[in-house]
Q: 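Here it is, the structure, as C-alpha cells.
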2 protein chains.
Amino acid sequence: MGTASMNRLAFSLGLILTAGASATAWSAEDLKAVMERRGLTEKDLLAAAKTYTPTGGRDEYLAFSSGGQSGQVIVYGIPSMRILKYIGVFTPEPWQGYGFDDESKAVLAQGRIRGKEIVYGDTHHPAFSETEGDYDGRWLFINDKANPRVAVIDLHDFETKQIVVNPFFKSEHGGAFVTPNTEYVMEATQYAAPILEDGFVPIEEFNDRYRGGLTYWSFDKEQGRIVPEQSIVLELPPYSQDLSDAGKKDSYGWGFTNSFCTERYVGGMERGRPPFEAGCSSKDTDFLHVTNWKKAEELVKAGKVKQEKGMYYIPMEQSIAEGLVFLIPEPKSPHGVDVTPDGKYIIVSGKLDSHVSVFSFEKIQKAIADGKFEGKDPYGIPIIAIQDVLHNQIQLGLGPLHTQFDSKPCIAYTSLYVDSMVAKYDYCEGKVLDKLAIHYNIGHLVTMEGDSVNPDGKYLVALNKLAIDRFNPVGPLHPQNHQLIDIGNDKMQLLYDMPLPLGEPHYVVAIKADKLKPEVRYKSGWDSRSNQKSAFATRAGRESTERTCDAEGKCTVTVKGTVIRSHINPEIIEAEVGDTVSIHLTNLERAQDEVHGFAMYGQNVQLSIEPGKTSSATFVADTEGVFPYYCTEFCSALHLEMQGYLLVKPKGYQATEVTMTEGTLYTQADYDTQVKTNLETQAVIDQVVAYITSKDFKSYPTVLALVEDATDQLGFAQEAKAKAETAAGSQDWQNAMLWANQWWQYQVKAADLGLRAKNLLDEAAK
Amino acid sequence: MGTASMNRLAFSLGLILTAGASATAWSAEDLKAVMERRGLTEKDLLAAAKTYTPTGGRDEYLAFSSGGQSGQVIVYGIPSMRILKYIGVFTPEPWQGYGFDDESKAVLAQGRIRGKEIVYGDTHHPAFSETEGDYDGRWLFINDKANPRVAVIDLHDFETKQIVVNPFFKSEHGGAFVTPNTEYVMEATQYAAPILEDGFVPIEEFNDRYRGGLTYWSFDKEQGRIVPEQSIVLELPPYSQDLSDAGKKDSYGWGFTNSFCTERYVGGMERGRPPFEAGCSSKDTDFLHVTNWKKAEELVKAGKVKQEKGMYYIPMEQSIAEGLVFLIPEPKSPHGVDVTPDGKYIIVSGKLDSHVSVFSFEKIQKAIADGKFEGKDPYGIPIIAIQDVLHNQIQLGLGPLHTQFDSKPCIAYTSLYVDSMVAKYDYCEGKVLDKLAIHYNIGHLVTMEGDSVNPDGKYLVALNKLAIDRFNPVGPLHPQNHQLIDIGNDKMQLLYDMPLPLGEPHYVVAIKADKLKPEVRYKSGWDSRSNQKSAFATRAGRESTERTCDAEGKCTVTVKGTVIRSHINPEIIEAEVGDTVSIHLTNLERAQDEVHGFAMYGQNVQLSIEPGKTSSATFVADTEGVFPYYCTEFCSALHLEMQGYLLVKPKGYQATEVTMTEGTLYTQADYDTQVKTNLETQAVIDQVVAYITSKDFKSYPTVLALVEDATDQLGFAQEAKAKAETAAGSQDWQNAMLWANQWWQYQVKAADLGLRAKNLLDEAAK
C-alpha cells in the first residue's frame, strides 16, 4: 500500500479540520418551475411555508398522541408534523430496551392482570399534569382501555415510570383526565362488569350485579407517582361510562363523565337477541354523571369511606346519601364532554345527535342547591332535568364528537365524525362560524393547549381514521391521518396531511415546547425507572464479574460492567449452563449522542443505555454455546468492534491448559510506527486543548460534558500508553503494539470530542 | 327534548348531503409575512416546495428502511418524508395483530433460536427482489443481526410471510443482498463462532474452530418463500465478514463480501488484554471476499456438495479446490461494498481510510484466470494483489462508508461518517465533484433505486445517527435524522430533516412508487400469512360456537365468528375455567377503511382484521370471570357498541333458571316511531340506489366494493325488518322495537356506503 500511515495521519489530522464543503449548494431550478413540476398552487405554497421547518429549526408545540392498540405514546412537533419519539408505555419497545432491561420490566410487571403479564395496551387519552388548570410540563398520564390501567410518564426524560391496574374495572375507555392541580387522575369504566367480584357472574344478572365506576387516582406530585391507597373509586350504575373532564375555575372540585347504553341492553346475536348496537342506541338520551370529588375527598379525610382492594371505595348508596353524584340526560350516545376554559360550561357531543349541548355549571349548582330533580334513575341517583341546566344547543352537523377551545373567548371547535368536518362556533351565542371538510372520519381533535384554562388556539389537529386515499397505498392496513389546520384566522385553512403509522391514535394533547425542559443525560450510574442511583452503578476500572452459588447449587454470574466508545467491559463473560446471568452496564459517556446498545444472540437481550444510565439484563443461560454480543448504536467508527462473547460451558467444565493463539503477530517496527502516529496525534490534541482552555468552556454545559468525556479518554490513553511502554520495556512487542494502538484509539476519541467541543464554542461565540 | 325524532331524520337525511363548507378558507396572512414570522429564507421556501405534498398527493418513491433494534421495517414516502407504515417483522406489533393472532404467531415461531421465542430483532439491510438486476416490486428481504435470521415481506400486502433462521451462524450483519434475478439472498456472518457446532468451544481455539460464513439463501419466486434445503452455505475464515453485494451484468454470478478484524484478534479487557477495538484495527487492510455462486450452484446440481443441517454446506477446502472463493486486500475496516450499475466495478469504503477503492471486475477475472496471486491466507484461500485489480482510489474524506449511484454514468455518492458529509464523485475518472455537510454521523445513504442496474438518482437520503440538536429535545434518547438531499443538479441541496423515532435505521432502499400495486382488501376468509383461504373462514349467518372435550377432559371452545360494522358475532362467548378458547373472526366488509380490531380484557388478545381477513386468537381461559371484548378501530358512529363478553364459568357450572331482565322496556309507540323513521330512511336510500344504478358503477372497483357492502347491509336490514314485523305481529313490542332499531342500523350503514359510492362516482365523472 504505502499510503497507510499517510492515511492514518490524515485521519487524525482531519479531525481538526472543519467541513470544507461549499455552503452555496443552491439549486438551478427556480421556485416557479418547481411548483409547476410538482403541481403546487399558491395556496399549497403558503401552507408549505406555514409548516416547513428547516434543519435545526424548532417546533412551537409538542403533541403527545395516544398510540391506540400499539399501547404507546407518540410525540410529534407542530407545525412541522414530524414524529420525534415513541414512548414505550404498555408494550415492550426493544430499541428503547423497554420491557427488555430489568429496570423497565419492573414497570411493566406493575401492569399484570390477574398475575398475567400483558404485552400490549390500547392507549386512548393522554393528559398533562396541571397547576392551577394550566399545563405544567411535568408529567403525562395515559390509560389502557383493554386492560384497565393508567401509566405515568415523566416529561423530564420521556420515560414511563409507573403503571397502575384498576382492581375494580374490567374495561375502561375514559381515562386519563386530570383535576386542575393534578390532585387526581380520572378514569371511568366502559363496559360494565362485576366491580367488587373478580369471578363469574351470570350476564342475566347484569342490572343487579354488573357495575360501572369512576376512579379518582390520587397523584403525589413530589414523588411523581400515583398513590392507590389514597385513591377513590365511586361505584356507578351499569351504564357504559365514557369520557370525563374535570371542572376548573368556577367548577373546580367537580368532575363530569358521560355515558352511553344507559338502556342497560345486553346483546347476544348468537342467542337470537338483537345486537348491542340496536339496544344501546334506542333511547334519545344518555346520562352525564356529575361528581363532587372535593366532597368525596372530605369524606375520606373524615374517615367515612371504607377501603376495598387497597383503595377508598364509595358504594352508590353512600354517594347518593352524601350528594356526590347526579345525572343529567344528554343526547345521544355522546363521546366528548369538555369543560370550557373558564369552567362555566360543559359541552357534550352526542355522536348520534346533530347538536352539541352546552350545559351551565351555575344552573347545575342551582338545581342541586334547590334539590330540583326530575326523578331518579333505577339505582336512586337524582336526575336533573336537561331544560333546567341547558345553556343552549347548537346544530353543527352529523356525528359531533369532541370539543376543544381557542384563545379567543367563547370560541370552540368540535369534530363531526359522520360529516367528516370540523365546526368552529361561538358557544356563548350559539352561532356556527365556519366549517371545514377533513379526510376522513375525524375522531378527536386538539387545539394548542386546548383543554387548559389558557388555550393558545393557533393550530388544530384533526385525528382522522384510516386514510384510504390520502397517501400512496401500502396494503390493506392504512395509516391514520392527522391533518394540521391553521385556526389563526377567521376561516380555517388545511395545512398538512400527516400519516401516522402506529395504531389508531385516539386523542392528542399539545403543549408549548418551551414548557418542557427534558434532560439530555443521566447522573452517572442512574436507574432511570426508579429515579435513583442504581445498586449496580459501575465506574471505569471497577468492572467485575462474579459467580456465586447458593446452597442448592443454583449459581448466578453477576457482571458489573461499563460501556464507552468503543468497547464493552467485560469482553468475555463465562458461565456454566443453567446459570442465571445478570449483566449490569453503566454508560460512562456524557456526550449526548453517545447512547450505547447491548444485544446478545438468542437471549432476548437488548438494552438501550443512554449517557449515565445503568441498565440490566438478567436471563438463564439454558443452553451451552458461544453467544456473541455487541453495541447496537453506531457510536463511533469502531462501533462494529464494540463486541464480546458470552461463553456458556458444560456444567463443571474444567479448562485444559490452552493459551490464546494470536491471529496476527507484531514486531518492534509495528510498535515504533504506531508510537510515531500517536505522538503526532498528541500534538494535534494539544492544539485543541490549548484552544478550548483559552475559552470560557465551563459556561456551556454541552461543551463541558464533551470536555469531561475527552479528559476521561485522555486519562485512559495515558493508562494504555503506560501499558504499551511497560510491554516494550520487556520486548513484548505483541502487547506493546496492541496497547499502543489502544492508546491511539483513546486519542482519536479525545480528539473527536475536543473538536466537537471546539466547534460548539465557535458556534457560541458567533 | 322534542327534537329527538327531528335529529334522527336530520341524521339519516344528512347522509345524502355533501359537505357544505366553504372551499375558500384562504389565509389572511400572505407568503412574505409567513416567511418573516417563521424565519424562512428563499432557499428554505424552495426546499419546502420540493418536498411539501398537499392533501391527497402521492410520493414519487417509497423508501423501505430497516428499523434497527425495533426489529421492524419503516416505509416512508419521498420527497414528502412522511412515514406511511411500520411493518412488523421480528417484533410483535400489537396494533397490526402481529405476534398476537395465531396466523402471525406461526411466522414468528419460525424464527425461534434454540427453541426459544425471540421477541425482537436488529434489522439492518433491506433489499428488494430483482428481475434482471432491476427492482420488480414483489418482495422485500431483511436480516436480523442479533439473531441470524432473514425475513421475507410480501409487497402485495406489506406483511411479513416468512422468517428463516441461519442454523450455522451465531451473528450476522451482512444481509440481505439479492442476486440479479433473486436467485439467492446473501447473508454473511459478523462475529465468528463455531459454525457446525452449537455447543461450547473455548475461545482460545478461535483460529481453529471459530468460523465465518456466507449463505446464499435460495428463493422460490413462484411461492415467494426462501427454500433452506436448496440454499448454500460457504464456510469462511474467522474474520468478521460484513456487507455484501451481488455482481450484476458483467459480474453476474459472483458475490462480493468485505470484512474487518482479519487480524483475528480476540479481546478480553477483564483478562488484561487490549480490547477488541485495538486488535481489530491494527492492520492497514482487511479482505474483500470474492465468491462464485454460479459455480457453487453447479456443484450442488452436480451432487458434489454435502448437506449439513438441512442445507448445502461447502467447507473451505472444497471452496478453495473448486475456485469458489478469493480474497483481495481492502483498506481498512471497510463497511460498504457496492457494485456499479454496469457490474464493472466494485467500490469499497474503508471506514478508517480516507479513500474509496474502486476495483475492476475485469482485472479480478484476469488475475483469477491467470492464477496470479500474491499468496494465501492462513486457511489457504488465494489472495489477489490489490495493485493487480485496483481501478483507482479516490480521496474523499474521513470515514467513507457506503456508496450509491446516480442515473448519470460514473457518478457515485459515498457517505463520510467521521466528516459527517456526503461526497459526490466520478468513479471512472477518480474526481470529486461536490461535498455536502450533513447532521451528523451519517451511516448508510440511499439514492432512488440506487443499487439497481438502472438507478434513478434524483434524491439522496442520508441516514444520520442520533440527532442531538436538529429537533426539539425529547430526553436522553434522541431520534435519528434522515436528511433528504436533492441531487438533480450539479450541487447537492439539503431539502428536509426527518426525525425517525424508531430504533437506529441502518439502511434504506427506495423504489419507484408506481412499481408497487398493493392490494386494498383480501379475498373473503383469507389467511394472509399462509396466503390461502382460512380453514376458519366464516360467512354471515354461519357463525358458530362449539365446545368439545377430548378423552382427558381437556376442552376447547371454538368460535367461528364474523365482524361487520357495528357488531361482533357472537356477542357472548361462554367457557369453563381451564378451557382453551379459540376465536376465529372473519371481516365481512369490502370497503377499504372498514378494518376491525378485536381486543379482550386481560388475555393479550389483540387482532387487526382487515376487510376479508380471517384472524384467530387462541388462549387458555385460566381464571373465572367476566372478560369484555370490543372492536379497536373507530369503524362507525356505533363503534363503541361493537362489544361483547367472554364469560368464564367455574368448572361444571350449571346455570340456574335465570332469564335476562331488560334494562329498558319498549311500547308499541316506540316501535311505531322507529318504523316511521325507517321508512323515511328507506326513501333516502332508494334515491341513492337509483342514482348509482343509473351510472356505470361496476367499472370502478372501489365503488363496486362499497355497493356490494351496501347490498349486504340492505339484506341484513330486510332480515331485521322481518324479525321486527314477526315480533310486532305477536305484540312482543320489546323485540319489535329492538329489531326495528337494528333494521335502521343496517339502513344507516347502507346509506353511508351508498353515499360514499355516489361521491366516488361523482369524483370519477369530473
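Numbered from 1 within each chain, the chains take letters A, B, ... in sequence-line order.
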Q: Examine the side chains of A/Thr55 and B/Asp497 and answer whether a donor and an acceptor come within less than 3.5 Å of each other.
A: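 B/Asp497 and A/Thr55 do have a side-chain donor-acceptor pair below 3.5 Å.
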
Q: Just so I understand: if I count every heavy-atom pair under 4.5 Å between each of B/Gly267, B/Ser171, B/Gly71 and chain A, which residue has the most?
A: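 Top count of heavy-atom pairs under 4.5 Å with chain A: B/Gly267.
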
Q: Would you say the side chain of A/Phe276 lies within less than 4.5 Å of the side chain of B/Met642, judging by non-hydrogen atoms?
A: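 Side chain of B/Met642 against side chain of A/Phe276, heavy atoms only: no contact under 4.5 Å found.
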
Q: What I'd like to find out is whether the side chain of A/Val520 reaches to under 4.5 Å of the side chain of B/Pro476, using heavy atoms alone.
A: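 A/Val520 vs B/Pro476: side chains apart.
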
Q: Any luck finding a side-chain donor-acceptor pair between A/Asp122 and B/Thr632 under 3.5 Å?
A: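 There is no such pair between these side chains.
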
Q: Heavy-atom distance under 4.5 Å to chain B: side chain of A/Val648, backbone, both or neither?
A: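 Interface part for A/Val648: backbone (N, CA, C, O).
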
Q: For a side chain to side chain contact (heavy atoms under 4.5 Å, CB included) check, start with the C-alpha distance between B/Phe627 and A/Lys170, then their side-chain angles and the critical distance, and finish with the verdict.
A: CA-CA 7 Å; B/Phe627 299 83; A/Lys170 277 79 187 172; over 6 Å; no

Q: With a 3.5 Å cut-off and no angle check, do the side chains of A/Gln745 and B/Ser281 form a donor-acceptor pair?
A: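 Checked: A/Gln745/B/Ser281 side chains pair up, N/O donor to acceptor below 3.5 Å.
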
Q: Could you tell me if the side chain of B/Arg82 sits less than 4.5 Å from the side chain of A/Met498, heavy atoms only?
A: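 No, every pair of side-chain atoms sits at 4.5 Å or beyond.
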
Q: In terms of heavy-atom pairs under 4.5 Å, which option from B/Cys261, B/Gly625, B/Ala655 contacts chain A the most?
A: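 With the most close heavy-atom pairs to chain A, the winner is B/Gly625.
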
Q: Go through it in stages, so that I can follow the logic: the residues are B/Leu45 and A/Leu45, the test is side chain to side chain contact (heavy atoms under 4.5 Å, CB included), and I'd like the CA-CA distance, side-chain angles, deciding distance and then a yes or no.
A: CA-CA 8 Å; B/Leu45 191 68; A/Leu45 192 68; 4.2 Å; yes

Q: With only heavy atoms counted, which part of B/Pro275 is less than 4.5 Å from chain A, the side chain, the backbone, both or neither?
A: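 For B/Pro275, heavy atoms of backbone and side chain both lie under 4.5 Å from chain A.
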
Q: Heavy-atom cut-off 4.5 Å, strictly under: side chain, backbone, both or neither for B/Gln96 against chain A?
A: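 B/Gln96 touches chain A through backbone and side-chain heavy atoms alike.
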
Q: Contact between A/Leu352 and B/Leu638 at the side-chain level, heavy atoms closer than 4.5 Å - yes or no?
A: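 A side-chain contact exists here, since the closest heavy-atom pair is under 4.5 Å.
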
Q: Please look at B/Thr659 and chain A and tell me whether the side chain, the backbone, both or neither of the residue comes under 4.5 angstrom of a heavy atom of that chain.
A: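 Only the backbone of B/Thr659 comes within 4.5 Å of chain A.
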
Q: Which answer fits A/His439, side chain, backbone, both or neither, if we ask what part of it has an atom under 4.5 Å from a heavy atom of chain B?
A: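 For A/His439, side-chain heavy atoms alone lie under 4.5 Å from chain B.
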
Q: Any idea which of B/Ile468, B/Ile113, B/Asp593, B/Val474 has the most non-hydrogen atom pairs under 4.5 angstrom with chain A?
A: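 Option with the greatest count: B/Val474.
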
Q: At a 4.5 Å cut-off on heavy atoms, which part of A/Thr91 comes close to chain B: side chain, backbone, both, or neither?
A: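 When you check distances to chain B, only side chain atoms of A/Thr91 fall under 4.5 Å.
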
Q: Please verify the inter-ring angle class for A/Phe634 with B/Tyr417; under 30° counts as parallel, over 60° as perpendicular, anything in between as tilted.
A: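 Parallel.
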
Q: Would you sort out whether A/Asp469 and B/Gln592 count as a side chain to side chain contact (heavy atoms under 4.5 Å, CB included), showing the intermediate values?
A: CA-CA 9 Å; A/Asp469 65 356; B/Gln592 288 183 53; over 6 Å; no

Q: So which heavy atom on A/Gly475 is nearest to which on B/Pro518, and how close?
A: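 Closest approach of A/Gly475 to B/Pro518, heavy atoms only: N-CB, 3.5 Å.
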
Q: Where is the tightest heavy-atom contact between A/Pro274 and B/Glu571, given as atom of each residue plus distance?
A: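 Looking at all heavy atoms of both residues, the shortest contact is O-OE1, 4.1 Å.
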
Q: By a 4.5 Å heavy-atom criterion (distance strictly below it), what part of A/Pro570 contacts chain B: side chain, backbone, both, or neither?
A: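 Contact with chain B involves both backbone and side-chain atoms of A/Pro570.
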
Q: What option among B/His478, B/Met660, B/Met35, B/Glu277 has the most heavy-atom pairs under 4.5 Å with chain A?
A: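 Ranked by heavy-atom pairs under 4.5 Å with chain A, first place is B/Glu277.
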
Q: What part of B/Leu62 gets within 4.5 angstrom of chain A, counting heavy atoms only: side chain, backbone, both, or neither?
A: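 For B/Leu62, the contact with chain A is made by the side chain alone.
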
Q: For B/Tyr265, what residues pass the ring pair (Phe, Tyr, Trp, His ring centres under 6.0 Å) criterion, not counting sequence neighbours?
A: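 Applying ring pair (Phe, Tyr, Trp, His ring centres under 6.0 Å) to B/Tyr265 gives none.
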
Q: Check whether any side-chain heavy atom of B/Lys50 lies under 4.5 Å from a side-chain heavy atom of A/Tyr52, and answer yes or no.
A: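 Contact flag for B/Lys50/A/Tyr52 side chains = no.
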
Q: Counting only non-hydrogen atoms closer than 4.5 Å, does A/Gln643 touch chain B with its backbone (N, CA, C, O), its side chain (CB onward), both, or neither?
A: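 Contact with chain B: backbone and side chain both.
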
Q: Counting only non-hydrogen atoms closer than 4.5 Å, does B/Arg521 touch chain A with its backbone (N, CA, C, O), its side chain (CB onward), both, or neither?
A: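 Only the backbone of B/Arg521 comes within 4.5 Å of chain A.
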
Q: Given a strict heavy-atom distance threshold of 4.5 Å, which part of B/Tyr645 is in contact with chain A: side chain, backbone, both, or neither?
A: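 The side chain, not the backbone.
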
Q: Does a side chain donor of either A/Thr664 or B/Arg264 reach within less than 3.5 Å of an acceptor in the other side chain?
A: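 Short answer, no.
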
Q: Examine whether an atom of A/Glu610 lies under 4.5 Å from a heavy atom of chain B, and if so say whether it belongs to the side chain, the backbone or both; otherwise answer neither.
A: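 It is the side chain, since no backbone atom gets that close.
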
Q: So for A/Asp198, is it side chain, backbone, both, or neither that comes closer than 4.5 Å to the heavy atoms of chain B?
A: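 When you check distances to chain B, only backbone atoms of A/Asp198 fall under 4.5 Å.
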
Q: Taking every non-hydrogen pair under 4.5 Å, which of B/Glu624, B/Glu504, B/Arg58 racks up the most with chain A?
A: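 Ranked by contacts with chain A, first place is B/Arg58.
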
Q: Would A/Leu477 and B/Asp157 satisfy side chain to side chain contact (heavy atoms under 4.5 Å, CB included), going step by step from the backbone distance to the final call?
A: CA-CA 8 Å; A/Leu477 187 54; B/Asp157 62 0; over 6 Å; no

Q: Quick one: does B/Lys85's side chain get under 4.5 Å of A/Pro479's, heavy atoms only?
A: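 Result no, sub-4.5 Å side-chain heavy-atom pair not found.
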
Q: Does the side chain of A/Glu633 come under 3.5 Å of the side chain of B/Gln69 through a donor N or O and an acceptor N or O?
A: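 Checked: A/Glu633/B/Gln69 side chains pair up, N/O donor to acceptor below 3.5 Å.
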
Q: For chain A, which of B/Asn147, B/Val626, B/Asn604, B/Leu738 has the most heavy-atom pairs under 4.5 Å?
A: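 Max contact count across the listed options: B/Asn604.
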
Q: Can you list everything that forms a ring pair (Phe, Tyr, Trp, His ring centres under 6.0 Å) with B/Phe471? Sequence neighbours excluded, please.
A: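 Testing B/Phe471 for ring pair (Phe, Tyr, Trp, His ring centres under 6.0 Å), a comparison that skips the adjacent residues, returns none.
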
Q: Just wondering, do B/Val119 and A/Val119 contact through their side chains at under 4.5 Å, heavy atoms?
A: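 A side-chain contact under 4.5 Å is absent here.
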
Q: Go through the atoms of B/Lys116 and report whether side chain, backbone, both or neither lie under 4.5 Å from a heavy atom of chain A.
A: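 B/Lys116 touches chain A through side-chain heavy atoms alone.
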
Q: Just so I know, are the side chains of A/Phe260 and B/Glu641 near enough to count as touching, which here means a heavy-atom distance under 4.5 Å?
A: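 Contact flag for A/Phe260/B/Glu641 side chains = yes.
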
Q: Quick one: what part of B/Lys465 sits under 4.5 Å from any heavy atom of chain A, side chain, backbone, both or neither?
A: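 The side chain, not the backbone.
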
Q: For the CD atom of B/Glu263 and the CG atom of A/Asn741, what is their distance to the nearest 0.5 Å?
A: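 Separation between the atoms: 8.5 Å.
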
Q: Applying the side chain to side chain contact (heavy atoms under 4.5 Å, CB included) criterion to A/Leu84, which one of B/Pro501, B/Pro473, B/Pro499 satisfies it?
A: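 Checked B/Pro501, B/Pro473, B/Pro499 against A/Leu84; only one passes side chain to side chain contact (heavy atoms under 4.5 Å, CB included): B/Pro499.
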
Q: Could you tell me which portion of B/Leu40 (side chain, backbone, both or neither) has an atom closer than 4.5 angstrom to a non-hydrogen atom of chain A?
A: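 The side chain, not the backbone.
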
